[in-house]
Protein chains: 2
Amino acid sequence: MDAAESLCADRRLRLTPVRRRVLELLLAAPKAQGAYDVLSGLNRDAPPRQPPAAYRALDFLVAHGLAHRIERLNAYVACASPGSTHRPAFLICRACDRVAETPDLTPDRLKREADAQGFRIEATVVEAVGLCPACAP
Amino acid sequence: MDAAESLCADRRLRLTPVRRRVLELLLAAPKAQGAYDVLSGLNRDAPPRQPPAAYRALDFLVAHGLAHRIERLNAYVACASPGSTHRPAFLICRACDRVAETPDLTPDRLKREADAQGFRIEATVVEAVGLCPACAP
DNA sequence: ATCGAAATGTTACACTATAACAGAACCGTC
DNA sequence: GACGGTTCTGTTATAGTGTAACATTTCGAT
Ligand SMILES: [Zn+2]
Ligand SMILES: [Zn+2]
Ligand SMILES: [Zn+2]
Ligand SMILES: [Zn+2]
């Protein structure tokens with residue numbers, strides 16, 4: 001949280017109350033939170049909010065590296081090391097939905113990292129997004 | 001398609017008309033197809049089908065390695081090399097949604113593979129699914 | 001104080017996915 | 001060829017995820 005504070009200060013980003021609260025919720029959660037989980041969290045405070053409020057805050061956090069979206073779960077987690085640009089790998093437990101973030105690493109190191117944590121990988125998804133030759137500028 | 005035929009024959013899997021048709025649709029499509037795209041494709045034939053028909057066929061194809069689900073797009077593509085167990089990486093163009101499947105490779109080879117194809121990676125998602133220490137049997 | 005940009009509120013809707021149960025088709029055995 | 005279990009399909013309804021569009025407010029700088 002402190003890291004997020006100073007990061008936003010450095011970059012002149014506005015960590016508004018809603019965004020701050022959403023980040024707190026993600027940090028406090030033991031597992032990845034869907035957008036509507038976050039929304040319920042917000043609405044445990046007052047006043048009641050609508051879906052866009054949650055999505056906007058989450059988009060902000062993801063865009064600036066304070067949180068990650070787990071495509072597989074349609075859910076979000078707070079980043080484990082905000083500030084540094086990184087391409088993390090996530091270890092997602094299919095039983096409890098807990099998500100561990102591993103630091104930037106090359107793919108063959110992924111298995112060793114998982115082994116070290118006692119995590120048994122059953123499937124891995126690698127998705128790269130970018131521009132194909134036909135669409136490159 | 002022939003590969004799918006023989007693969008199903010070998011494994012005593014039933015490549016029923018619906019499943020066959022869905023695979024044909026995926027193979028014919030230039031880009032990843034959402035479940036409802038597939039459903040529209042099915043309904044261009046008769047008789048009209050409902051969402052579960054598409055999802056069931058897609059689940060079957062994915063389960064047996066004839067297709068892959070692209071989490072990022074909530075969409076599906078036909079597998080480029082069915083039969084072989086593999087952990088492919090997908091190159092997803094954010095502009096045209098075309099998806100290229102790269103063969104099983106280690107992550108540092110991903111960049112080289114992409115470079116060779118003239119594909120400019122802008123973001124990569126690595127998601128591993130399995131069992132965390134707390135949930136392991 | 002004023003103005004433009006950024007953020008939020010609000011309504012309504014689109015897209016994605018599954019539960020639950022009924023019926024039909026398939027496949028082996030007797 | 002009739003049973004009987006299994007797998008596949010049909011059908012209805014509903015749950016879950018995400019966004020478009022526009023009004024309103026807040027912020028920060030001239
Ligand atoms: Zn991170
Ligand atoms: Zn677990
Ligand atoms: Zn494949
Ligand atoms: Zn493209």
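Chain A is the first sequence line, chain B the second, and so forth, proteins listed ahead of strands; every chain is numbered from 1.
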Exercise for the section: Can you run down the side-chain hydrogen bond (donor to acceptor under 3.5 Å, both in side chains) pairs that involve residues 57-68 of chain B, sequence neighbours left out, and say none if there aren't any? Expected result: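 Non-adjacent pairs meeting side-chain hydrogen bond (donor to acceptor under 3.5 Å, both in side chains): B/H68-B/H86, B/H68-B/E101.
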Practice task
Using a cut-off of strictly less than 4.0 Å between a heavy atom of the residue and any atom of DNA chain D, enumerate the qualifying residues of residues 50-65 of chain A by number.
Solution key: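 Heavy-atom cutoff 4.0 Å gives A/P51, A/P52, A/Y55, A/R56.
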Problem - DNA chain D contacts among residues 9-45 of chain B, heavy-atom distance under 4.0 Å - result: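 Close to the strand are B/R14, B/T16, B/V18, B/R19.
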Handout entry: Boundaries of the chain B footprint along DNA chain D (any atom under 4.0 Å from a heavy atom)
Key =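 From 5' to 3', the first and last contacting nucleotides are D/dT7 to D/dT12.
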Single-linkage hydrophobic cluster, 4.5 Å side-chain cutoff, [X] and [Y] together:
X	Y	value
B/V77	B/V62	no
A/F90	A/L27	no
A/V99	A/L25	no
B/I70	B/Y55	no
A/L66	A/L42	yes

Does [X] reach the main-chain N or O of [Y] with its side chain, forming a donor-acceptor pair under 3.5 Å?
X	Y	answer
B/R19	B/R14	yes
A/D37	A/G34	yes
A/Q33	A/K31	yes

Looking only at heavy atoms, what is the nearest atom pair of [X] and [Y], with distance?
X	Y	answer
A/S6	A/A3	OG-O, 3.1 Å
A/P51	A/Y36	CG-OH, 3.4 Å
B/R49	B/L39	O-CD1, 3.6 Å
A/F60	A/L15	CE2-CD1, 4.4 Å

Practice task
Check the pair B/Y76 / B/L26 against side chain to side chain contact (heavy atoms under 4.5 Å, CB included), numbers first and verdict last.
Solution key: CA-CA 7 Å; B/Y76 302 81; B/L26 290 185; 4.3 Å; yes
Exercise for the section: List the steps, then state whether side chain to side chain contact (heavy atoms under 4.5 Å, CB included) holds for A/V22 with A/L58. Expected result: CA-CA 7 Å; A/V22 170; A/L58 289 167; 3.7 Å; yes
Handout entry: chain B contact limits on DNA chain C, taken 5' to 3' with a cut-off of 4.0 angstrom to heavy atoms
Key =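 Nucleotide range with atoms under 4.0 Å of chain B: C/dT16 to C/dC26.
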Exercise for the section: Find the bend of the helix from C/dA1-D/dT30 to C/dC30-D/dG1 as the angle between its two terminal axes (five pairs each), to the nearest 10°. Expected result: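 Inter-axis angle at the termini of the helix from C/dA1-D/dT30 to C/dC30-D/dG1: 30°.
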